[in-house]
Amino acid sequence: MSSALTDLCRHPIVQAPMAGGASCPELAAAVSDAGGLGFLAAGYKTADGMYHEIKQIRGLTARPFGVNLFMPQPATADPAAVEVYRHQLAGEATWYETPLGDPDAGRDDGYEAKLAILIEDPVPVVSFTFGCPSRDALASLSAAGTITVVTVTTPEEAQAAQRAGADAVCVQGIEAGGHQGTHRDDPSADGSGIGLLSLIPLVREAVRLPVVAAGGLMRGAQIAAVLAAGASAAQLGTAFLVCPESGAHPLHKQAMTNPLFVRTALTRAFSGRSARGLVNRFMHEHGPYAPAAYPEIHHLTSGLRKAAAKAGDPQGMALWAGQGHRLARELPAGRLVEVLAAELDSARAALALGGAR
């Protein structure tokens, strides 16, 4: 890990930015205070909402933290396919007694306004998902003293991040929960993502940037494995989602270890973009027919997901989860960082002992 990133946290443990409410100021502050690196998720928030959370976390901790931005998305969706899917969801709207959302509610996620705030009032780290920022944007953040990280899912995306001037890459394996952070949403490539332990060395041989590894990591021994593979730090999302400080819905937290939910799958059912979640009724019924249309489908189903949560029905919620979800531990975030760090130390010691024989 570069010295700039090393100085930010005592442990090589990053709490993933989980859009939708889980990565709230309380969670990020607790992780940072414990020696990890906490992250706020600006995705789906207004620029003012993001800034309010930044002020909140500054009031909770003096330790470094990060903010994640979603890149604006190109207009590639087929309106006819979106309309067909809207008709398919009509029964859901009736069942949950809520109207479907407007698919044309916006596709840039307030990116420019958020970026302007982060340049004017910088935070220690800014990461990006769903694409690579311009060289000018990364240079402006760097000039403000911010470390920049671009999420990548292939060596080619990592090379694009390096050319643009990113300080590091977050390498996301196919095991990761939530949205796949691909730079280009290609439905013909659905399910063909690369596993994390294969992807890390591929990226390390393609670029000279430090690597933050993400995807299915739940235990300290797994962190030791990705560090041994060449990563500088590990990013965990599902592991922190169940913490009491997390802003995730209680039903989402409970589902992580609920025996009713036995597996995860990649789906476009909820957002129109490939994302990993627990297989439930909504995913099973609508996933096969959902078009590649993000953020149109995200806007279309937003009200349904909220209504399902309000009704106490996890079968209609987007239960994002990584492949290791059954290993979730309901610990306070600070305690979880400590446990992960201790497990990491034990794994490293075991490896050193084995190598000395």
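- Remark: Asp136 CG to Ser140 OG distance equals 6.5 Å, nearest 0.5 Å.
- Between His298 and Tyr44, the ring-plane angle classifies as parallel under the 30° and 60° cut-offs.
- With sequence neighbours excluded, the residues that form a salt bridge (charged side-chain N to carboxylate O under 4.0 Å, His left out) with Arg107 are Glu296.
- No side-chain heavy atom of Ile194 sits less than 4.5 Å from a side-chain heavy atom of Ile174.
- Grouping the Ile, Leu, Val, Met, Phe, Trp and Tyr side chains by contacts below 4.5 angstrom, directly or via other members, places Leu40 with Val126.
- Using a 4.0 Å cut-off between a side-chain N of Lys or Arg and a carboxylate O of Asp or Glu, Asp109 and Lys45 do not qualify as a salt bridge.
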side-chain contact (heavy atoms from CB on, under 4.5 Å) evaluation trace for Asp190 with Arg268 | CA-CA 10 Å; Asp190 281 1; Arg268 294 178 179 271; 2.8 Å; yes
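- In this structure, Glu175 contributes its side chain and Leu196 its backbone to a donor-acceptor pair below 3.5 Å.
- Neither side chain, Arg276 nor Thr267, offers a donor N or O lying under 3.5 Å from an acceptor on the other.
- The main-chain N or O of Trp320 is found under 3.5 Å from a side-chain atom of His252 such that the two form a donor-acceptor pair.
- Nearest heavy atoms, Ser232 versus Pro210: OG-CB, 3.9 Å.
- For the atom pair NE2 (His87) and CD (Glu83), the distance works out to 4.0 Å, reported to the nearest 0.5 Å.
- Between His325 and Thr264, some side-chain heavy-atom pair lies under the 4.5 Å cut-off.
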Decide salt bridge (charged side-chain N to carboxylate O under 4.0 Å, His left out) for Arg58 and Asp121; before the verdict, give the C-alpha distance in whole Å, the side-chain angles of both, and the deciding distance to 0.1 Å.
-> CA-CA 12 Å; Arg58 284 172 173 162; Asp121 190 358; 3.0 Å; yes
Test side-chain contact (heavy atoms from CB on, under 4.5 Å) applied to Thr182 and Glu157, step by step | CA-CA 8 Å; Thr182 52; Glu157 290 175 353; 4.0 Å; yes
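- In this structure, Leu217 CG and Thr238 OG1 are separated by 9.5 Å, a value rounded to the nearest 0.5 Å.
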Ignoring hydrogens and angles, write down the donor-acceptor pairs under 3.5 Å from the side chains of residues 330-339, residues two or more places apart or on other chains.
unit_1 : atom_1 : unit_2 : atom_2 : d
Arg335 : NH1    : Glu338 : OE1    : 3.3

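- Put simply, the side chain of Thr153 never gets that close to the backbone of Gln172: no donor and acceptor are under 3.5 Å apart.
- Counting only distance, with no hydrogens or angles, the side chain of Ser23 and the backbone of Ala16 share a donor-acceptor pair below 3.5 Å.
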Please walk me through it: do Ser188 and Asp186 pass side chain to side chain donor-acceptor pair (under 3.5 Å)?
-> CA-CA 5 Å; Ser188 69; Asp186 179 6; 2.6 Å; yes
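- The aromatic ring centroids of Phe65 and Phe39 lie 6.0 Å or more from each other.
- Put simply, the side chain of Asn280 gets close to the backbone of Pro314: a donor and an acceptor are under 3.5 Å apart.
- Checked by atom type, the side-chain pair Asn68/Thr129 shows a donor-acceptor distance below 3.5 Å.
- Using a 4.5 Å heavy-atom threshold, the side chains of Val31 and Cys9 count as separate.
- A donor-acceptor pair under 3.5 Å links the side-chain atoms of Gln222 to the main chain of Arg219, judged by distance alone.
- Between Val203 and Gln159, every side-chain heavy-atom pair lies at or beyond the 4.5 Å cut-off.
- Residues Phe128 and Phe70 place their aromatic rings such that the two centres sit no closer than 6.0 Å.
- Between the side chain of Lys114 and the main chain of Met50, no donor-acceptor pair closer than 3.5 Å is present.
- For the pair Ala29 and Leu60, the tightest heavy-atom approach, listed with the atom from each and the gap, is CB-CB, 3.7 Å.
- Within the structure, side chain to side chain donor-acceptor pair (under 3.5 Å) contacts touching residues 91-102 (residues at least two apart or in different chains) are Glu92-Arg281, Glu92-His286, Tyr96-Arg281, Tyr96-Asp313.
- Within 6.0 Å of CZ in Arg305 there are more than 12 heavy atoms belonging to other residues, nucleotides or ligands.
- Formation of a donor-acceptor pair under 3.5 Å by the Asp108 side chain with backbone atoms of Tyr111 is not found in this model.
- For the pair Leu209 and Ala168, the tightest heavy-atom approach, listed with the atom from each and the gap, is CB-CA, 4.2 Å.
- Of the possible polar contacts, none joining the Arg326 side chain to the Asn258 backbone as a donor-acceptor pair under 3.5 Å is found.
- Annotation: side chain of Asp185 is not in contact with side chain of Thr76 (no heavy-atom distance under 4.5 Å).
- A side-chain N or O of His179 and one of Ser271 form a donor-acceptor pair less than 3.5 Å apart.
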Step by step, would you call Tyr289 with Tyr85 a ring-ring contact (aromatic ring centres under 6.0 Å, His included)?
-> CA-CA 7 Å; Tyr289 312 104; Tyr85 196 57; 8.4 Å; no
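- The two residues Gln73 and Pro295 come nearest to each other via the heavy atoms CB-CD, 4.4 Å.
- In this structure, Leu37 and His11 have side chains that are not in contact, with every pair of non-hydrogen atoms separated by 4.5 Å or more.
- Closest heavy-atom contact between Pro103 and Val82: CB-CG1, 3.9 Å.
- Counting only distance, with no hydrogens or angles, the side chain of Ser32 and the backbone of Ala28 share a donor-acceptor pair below 3.5 Å.
- In terms of heavy atoms, Leu115 sits closest to Ala137 at CD2-CB, 3.8 Å.
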